J.: 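After the structure tokens below, expect a handful of questions from me.
Throughout, residue positions are numbered sequentially from 1 according to the sequence presented. All figures in this text were calculated on a predicted structure; none of them were measured in a lab.
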Amino acid sequence: MKIGFLFPGQGSQSVGMGKDLYEEYEEVRKVYDKVRELTGIDIAKISFEGSEEELNQTKNTQLAILTMSLAILTVLKKNHIKAEVEAGLSLGEYVALIHSGAMSQEEGIKLVQKRGQYMQELVPEGEWLMSAIMGMTEEQVQEVCQKVTKGFVVPANFNTTGQIVISGEKEAVEEAKIIAEEMGAKKVRVLKTAGPFHTEKLKLASEQLRKELEKITFQDFQIPVIKNLDGKVYKKEDDKKEILAKHIICPVRFLESLQTMLEMGVDTFIEIGPGKTLSGFVKRLDQEQEVQILNINDVKSLENVISLQQENKV
């Protein structure tokens, strides 16, 4: 059995996420307390009691998802549940980097706080939108974006087989939806995000993040991590600061990341954090290999994984 951890990104959040875990586990409360201490933000209150509008602000969303994922990991560690490789979608890559030992928890939390602020505040004027297109190939989605006449829109996330996210100006994304449906897309769904993420429009945010990355001391990886940029495992010699600065202006190659995990022999995927988005991506993969797919987003699902581990099924 080979376990791979998956960490979700922005868009998987919902008000109340993590509340039962916070109430059940002292280890979880300690993580939330540490994030509040380091950032000055009561992310527990925003996650559990805040409005949807407040939680969906990028500066809050990223910190909330990061905190919940890190908190769950502390309980898994106590129960000796480990991964042999990890990958995260966009923001989720930071959870993987922290958990792998590549950056300290303290530096990682502060960095994600800055990342969220920059991605919210350093966005060009205008209305922005991201939508997921289902049932089209990469080439077809590229063609859809090229046919748009009303503004800027490009592919941003290559999530899984037959699901690609586009990002850009609201009017352009809405036109792309019409074109995609005319070309045979099965479905086009608007995402809960607030900017033209993973496009050149976040160049200023990328430059500011690069300055913050200069302050980070990267360590050796204790667990292999697959990077979004190309779907390959980080190498020791990789320029991690450059990769993470590019991360927010380049497309996410998550389909390739999942394929790399399969090639490495992963047969048990555990998604850690709010929602079940990444579990869905694994299910949609075009592959013959049988895999076990689990997710942890509340007390019940966490206890299920612990129980399976005790039965030697994880």
Side-chain angles (χ1 to χ4, degrees), residues 7-11 13 34-43 46 53-67 69-70 88-98 100 102-130 151-157 165-170 191-219 225 227-230 234 238-254:
F7 304 107
Q10 201 163 334
Q13 71 276 6
K34 184 171 186 178
V35 170
R36 184 181 60 198
E37 182 185 315
L38 289 171
T39 65
I41 297 171
D42 190 346
I43 205 64
I46 292 171
E53 184 181 2
E54 184 181 27
L55 180 60
N56 286 349
Q57 290 178 28
T58 299
K59 64 180 181 180
N60 294 329
T61 307
Q62 297 200 10
L63 205 54
I65 294 171
L66 177 92
T67 305
S69 298
L70 290 176
L89 179 73
S90 190
L91 159 74
E93 188 163 314
Y94 284 79
V95 182
L97 289 168
I98 293 168
S100 72
M103 67 171 75
S104 73
Q105 190 175 87
E106 183 171 321
E107 286 186 322
I109 289 166
K110 289 180 177 178
L111 183 62
V112 166
Q113 181 184 20
K114 291 288 187 184
R115 183 181 188 263
Q117 287 174 352
Y118 296 151
M119 288 176 71
Q120 178 171 319
E121 296 165 5
L122 301 179
V123 174
E125 286 292 320
E127 289 188 280
W128 307 98
L129 201 63
M130 296 180 78
F152 174 83
V153 59
V154 293
N157 293 26
V165 171
I166 57 173
S167 180
E169 292 171 297
K170 184 174 184 286
L191 304 184
K192 290 191 290 184
T193 51
F197 303 147
H198 300 290
T199 79
E200 64 193 46
K201 298 298 181 183
L202 285 187
K203 187 170 183 289
L204 186 55
S206 173
E207 290 167 354
Q208 289 301 312
L209 185 64
R210 185 72 171 84
K211 293 175 185 176
E212 293 298 327
L213 284 159
E214 286 300 328
K215 304 172 187 176
I216 302 295
T217 304
F218 284 94
Q219 308 293 338
V225 173
K227 54 187 182 291
N228 285 182
L229 215 58
D230 58 9
Y234 272 98
D238 280 342
D239 185 341
K240 300 167 191 69
K241 296 173 184 180
E242 185 64 21
I243 287 167
L244 291 174
K246 284 183 177 178
H247 191 206
I248 57 176
I249 57 172
C250 292
V252 171
R253 293 281 174 182
F254 203 70

J.: In Å, rounded to the nearest 0.5 Å, how long is the span from OH of Tyr94 to CE of Met103?
T.: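 Output value for this atom pair is 6.5 Å.
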J.: Under 3.5 Å, is there a donor-acceptor pair linking the side chains of Asn157 and His198?
T.: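 Side-chain D/A pair, Asn157 to His198: absent.
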J.: If you define the side chain from C-beta out and look only at heavy atoms, does anything of Phe197 sit under 4.5 Å from Ile248?
T.: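 When only atoms from C-beta onward are counted, Ile248 and Phe197 do not touch, as no gap falls below 4.5 Å.
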J.: Salt bridge or not between Lys110 and Glu106? Use side-chain N to carboxylate O under 4.0 Å.
T.: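 Yes, charged N to carboxylate O under 4.0 Å.
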J.: Quick one: which residue pairs count as a salt bridge (Lys or Arg N to Asp or Glu O under 4.0 Å) with a foot in residues 119-130, not counting sequence neighbours?
T.: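 Found none.
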J.: Testing the basics here: between Val95 and Ser69, what is the closest heavy-atom pair and its distance to 0.1 Å?
T.: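 Shortest heavy-atom contact: CG1-CB, 3.8 Å.
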J.: Using the side-chain hydrogen bond (donor to acceptor under 3.5 Å, both in side chains) rule, pick out the option among Lys246, Arg253, His247 that qualifies with Asn228.
T.: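 Output: one option passes, namely His247.
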J.: Roughly how far, to the nearest 0.5 Å, is CD1 of Ile41 from CD of Gln113?
T.: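 It comes to 4.5 Å.
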J.: Is there a side-chain contact between Leu91 and Thr61 (heavy atoms, below 4.5 Å)?
T.: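 With C-beta onward as the side chain, the pair stays apart.
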J.: Which distance, rounded to the nearest 0.5 Å, do you find between the CD of Glu107 and the CD1 of Ile98?
T.: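 CD1 of Ile98 is found 10.0 Å from CD of Glu107.
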J.: Salt bridge check, Lys215 against Glu212: does any charged N sit closer than 4.0 Å to a carboxylate O?
T.: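 Salt bridge present between Glu212 and Lys215.
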J.: Looking only at the side chains, is there a donor atom on one of Gln10 and Ser90 sitting less than 3.5 Å from an acceptor on the other?
T.: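 No, no side-chain donor-acceptor contact under 3.5 Å.
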J.: Using 0.5 Å steps for rounding, measure from the CG atom of Leu202 to the OH atom of Tyr118.
T.: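 Going from the CG atom of Leu202 to the OH atom of Tyr118 covers 13.5 Å.
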J.: Mind checking whether Trp128 and Glu169 have side chains closer than 4.5 Å, heavy atoms only?
T.: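 In short, these two side chains touch, coming nearer than 4.5 Å.
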J.: State, yes or no, whether a side-chain contact exists between Gln13 and Asn56 at a heavy-atom distance under 4.5 Å.
T.: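 The answer is yes; the side chains approach within 4.5 Å.
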J.: When rounded to the nearest 0.5 angstrom, what distance separates CG in Leu213 from NZ in Lys240?
T.: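 With rounding to 0.5 Å, CG (Leu213) is 12.0 Å from NZ (Lys240).
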J.: Of the non-hydrogen atoms in Arg210 and Lys241, which two are nearest, and what is the gap between them?
T.: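 Nearest heavy atoms, Arg210 then Lys241: NH1-CB, 3.4 Å.
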J.: Can you confirm whether Leu63 sits close enough to Ile109 that some side-chain heavy atom of one is under 4.5 Å from a side-chain heavy atom of the other?
T.: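 Yes, side chains in contact.
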J.: Tyr234: what forms a ring-ring contact (aromatic ring centres under 6.0 Å, His included) with it, not counting sequence neighbours?
T.: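 For Tyr234, the residues satisfying ring-ring contact (aromatic ring centres under 6.0 Å, His included) (neighbours in sequence not counted) are Phe221.
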